[in-house]
*Asks:* 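I have a structure I would like to understand better, so I am pasting it below and will then ask my questions one at a time.
These numbers come from a predicted model, not from an experiment. Proteins get letters first, then strands, A, B, ... in listed order; numbering begins at 1 in each.
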Amino acid sequence: MANKASETPDDQDIPFMQRLLDNPFILLFLGVASPTILYIVWGIIEVAQIPIAN
Amino acid sequence: MASAANFRTCPDTGLKVDRTAEALIKANAVVAVVFLAVGGLFGVLVAMTRWPAVHLLDADMFYLVLTAHGADVLLFWILFFEVAILYFASAILLNSRLATPKFAWLAFIMMVVGAVMANVAVLQGDSTVMFTSYVPMKAEPHFYLGLIIFAVGALIALFVFFATLVVAKNEKTYEGSVPLVTFGAITAAIIAVFTIASGAVILIPTWLWSMGFIANIDTLLYKIIWWGMGHSSQQINVAAHVAVWYCIAAMVLGAKPLSEKVSRTAFLLYILFLQLASAHHLLVEPGVSSEWKIFNTSYAMYLAVLGSMIHGLSVPGAIEAAQRRRGFTHGIFEWLRKAPWGNPAFSGMFMSLVMFGFLGGISGVVMGTEQINLIIHNTLYVPGHFHATVVAGTTLTFMAVTYLVVPLIFRREIILPGMAKWQPYIFGIGVAGISLFMMGAGTLGVARRHWDITFTDAIMSVEVPGTAFLMMGLNGISALLAGVGGAMYVVIVVGSVLFGKRRDEAVAKANPIIFDGGAAVANYGSEEQVKVPGTIVLVAIFFTAFVLYYFVNWKFLSEVWPLS
């Protein structure tokens, strides 16, 4: 199961993207934050701004 | 740490298999197939009612059955199977023990109780609110409670999956990066967390509203948050079935991705943007701005579509590269002609790939474009589209991988191999018909979610062209074909699990079903040979179809909405 990345002696030498993709919890944060902000929160703000009918 | 006695060594792959994970995979897969059988039967009844010449059920029963069909196949079948995939992609592929097995069993029990409770509520007749359960339509409280219990169970299963990743890393059961199939499962699990959180945020207040504790739920707010669950739940499927495409290609042919980095980046695009496509359900809502609609669909969704197109090149490319490595190098398409079309795992996967791209993918982009969405919004085109993505895409893929799961996990040989060889074709052709003919009827203006497409007793008459009746008849025939294919699947799977010959070490050696012990699926690594001319031709055909269909829809729009 070895791969070339595992032979790298120092974590600092691992490219940023690979470190990002190797961390499921950062990905989890991004994957929940992105739709929460861009879809849910922005959508709720839009609904909240609808004037109430008289 | 688990003792060695808790593991067995798989004679096919040499992988260490945690027996608890194996038992949970079996339990979740079996219950998934039960819900597929029940939900599929409801689906045939729906299609027989939508076929105007048959019109099988009365209106009340039609809406009840449609509600049950949606819940059983869109939620319960899919999510039970996906939990099985998550445990496989974590504990089995990473050679690890499953974390917190008692919580995994608790999750399973909660999911079963919730799914049964929601089904009982629907079948009792007072919760006919459709899959979307839009307020102010009100179901019985135990309908919402069943969905909530099911969702909490699924959420616990997700935590077990993430905890297993931590256990595997800490106990060094693998080195470096996780295999691509596990990465795809991580993507599915991340989307699932958002999905279930959205469901909890809206279903818990709706449950309280159904019991009278809350006076009112804003309908537009409900729609926005509900679709965060309703559409994203189908994006879990996309990530999961793409992971399974890579898995089957690796297991059957030893195919490695053309580039691990590129495929993982495509999954990252899913993680960041796929859930935002939920907004396309709200493209005609007056309460939200065009900025919100267009950003979430036409901009963000296209980045997720880019991810799908990368997978659409990478998966057949990986197959072509593997086949060329095995000597099928003559011409552009020898690799494809001599692919194992008699192996239901491969044929089901490849048909799913083609139909998901050509039928589901292209129609999805059309639906996600605010202007041309107007032509088909809330018509039968919408279920036509998602039968291409969820049934031809996800269900057919999950059926295909079952032909590997039964021998490898249940340790049983597949019974009726002749029938198994034909099953993906019969189901796949049926589903392609369902999808195409519903999209055709929708393009002609047939409304979705209606018992009577002619609106016979409506005050304002609705004219539907005769071709639409033909489309609905062909949809009914296709549904029967898919129903036969689905029944064949259930017979083969249940029969194999109960009566199949035991697959011990001797049988596994005599009848190997996976390539090179599945090394390609359990390891990180890219294909060295990346010259794939056949795949480039296939992709060029896809793009031509995509562009033509996209612009044809703008032409349709100019005809239904003249500007002069």
*Asks:* Which bit of A:Phe25 comes within less than 4.5 Å of chain B, counting heavy atoms only: side chain, backbone, both or neither?
*Replies:* side chain

*Asks:* With a 4.5 angstrom heavy-atom cut-off, which part of B:Leu274 approaches chain A: side chain, backbone, both or neither?
*Replies:*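 Contact with chain A: none, neither part.
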
*Asks:* According to salt bridge (Lys or Arg N to Asp or Glu O under 4.0 Å), who are the partners of A:Glu46, at least two apart in sequence or on a separate chain?
*Replies:*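 Once residues adjacent in sequence are excluded, A:Glu46 has no partner under the salt bridge (Lys or Arg N to Asp or Glu O under 4.0 Å) criterion.
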
*Asks:* Can you say whether A:Leu20 sits under 4.5 Å from chain B via the side chain, the backbone, both, or neither, judging by heavy atoms?
*Replies:* side chain

*Asks:* More than 12 heavy atoms of other residues, nucleotides or ligands under 6.0 Å from OH of B:Tyr134: yes or no?
*Replies:*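 Atom OH in B:Tyr134 is crowded, with more than 12 foreign heavy atoms closer than 6.0 Å.
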
*Asks:* Counting C-beta onward and ignoring hydrogens, is there a side-chain heavy-atom pair between A:Asp22 and B:Arg264 closer than 4.5 Å?
*Replies:*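 Yes, at least one pair of side-chain atoms sits under 4.5 Å.
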
*Asks:* Give the C-alpha distance, both sets of side-chain angles, the deciding distance and a yes or no for side chain to side chain contact (heavy atoms under 4.5 Å, CB included) between B:Val201 and A:Ile40.
*Replies:* CA-CA 11 Å; B:Val201 165; A:Ile40 299 270; over 6 Å; no

*Asks:* For chain A, find its close neighbours in residues 295-308 of chain B: heavy-atom separation under 4.5 Å, sorted by number, or none.
*Replies:*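 Expected list: B:Phe295, B:Asn296.
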
*Asks:* Tell me which of these, B:Pro286, B:Gly228, B:Ser278, has more heavy-atom pairs under 4.5 Å with chain A than the rest.
*Replies:* B:Ser278

*Asks:* I'd like to check the salt bridge (Lys or Arg N to Asp or Glu O under 4.0 Å) partners of B:Lys256; sequence neighbours left out, ordered by chain and number.
*Replies:*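 Not a single residue meets the salt bridge (Lys or Arg N to Asp or Glu O under 4.0 Å) criterion with B:Lys256.
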
*Asks:* Pair B:Val288, A:Ile50 - check side chain to side chain contact (heavy atoms under 4.5 Å, CB included), show working.
*Replies:* CA-CA 9 Å; B:Val288 279; A:Ile50 299 172; over 6 Å; no

*Asks:* Are A:Leu27 and B:Phe267 side-chain neighbours, meaning at least one heavy-atom pair lies under 4.5 Å?
*Replies:* no

*Asks:* Quick one: pull up CG in A:Leu21 and CG in B:Leu268 and give me the separation to the nearest 0.5 Å.
*Replies:* 5.5 Å

*Asks:* Taking all atoms of both residues into account, what is the closest heavy-atom pair of A:Pro24 and B:Ile186, and its distance?
*Replies:*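 Taking A:Pro24 first and B:Ile186 second, the nearest heavy atoms are CB-CG2, 4.1 Å.
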
*Asks:* At a heavy-atom separation under 4.5 Å, does B:Glu291 approach chain A through its side chain, its backbone, both, or neither?
*Replies:*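 Its backbone and side chain both get close to chain A.
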
*Asks:* When rounded to the nearest 0.5 angstrom, what distance separates OG in B:Ser177 from CD1 in A:Ile14?
*Replies:* 7.5 Å

*Asks:* Among B:Ser289, B:Ser232, B:Ala189, which residue has the highest count of heavy-atom pairs closer than 4.5 Å to chain A?
*Replies:* B:Ser289

*Asks:* Locate the shortest heavy-atom distance separating A:Leu28 from B:Phe162; write the atom from each residue and the value.
*Replies:* CD1-CZ, 4.2 Å

*Asks:* Enumerate, atom names and distances included, each donor-acceptor pair closer than 3.5 Å involving a side-chain atom of residues 190-199 of chain B, sequence neighbours excluded.
*Replies:*
| residue | atom | partner | partner atom | Å |
| --- | --- | --- | --- | --- |
| B:Thr195 | OG1 | B:Ile191 | O | 2.7 |
| B:Ser198 | OG | B:Phe194 | O | 2.9 |

*Asks:* Spell out, as yes or no, whether a donor-acceptor pair under 3.5 Å connects the side chain of B:Trp292 to the backbone of A:Tyr39.
*Replies:*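 Side chain of B:Trp292 to backbone of A:Tyr39: a pair is present.
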
*Asks:* Are the side chain of A:Gln18 and the backbone N or O of B:Lys261 linked by a donor-acceptor pair below 3.5 Å?
*Replies:* no

*Asks:* Between B:Gln275 and A:Pro35, which heavy-atom pair has the shortest distance, and what is it?
*Replies:* NE2-CG, 3.6 Å

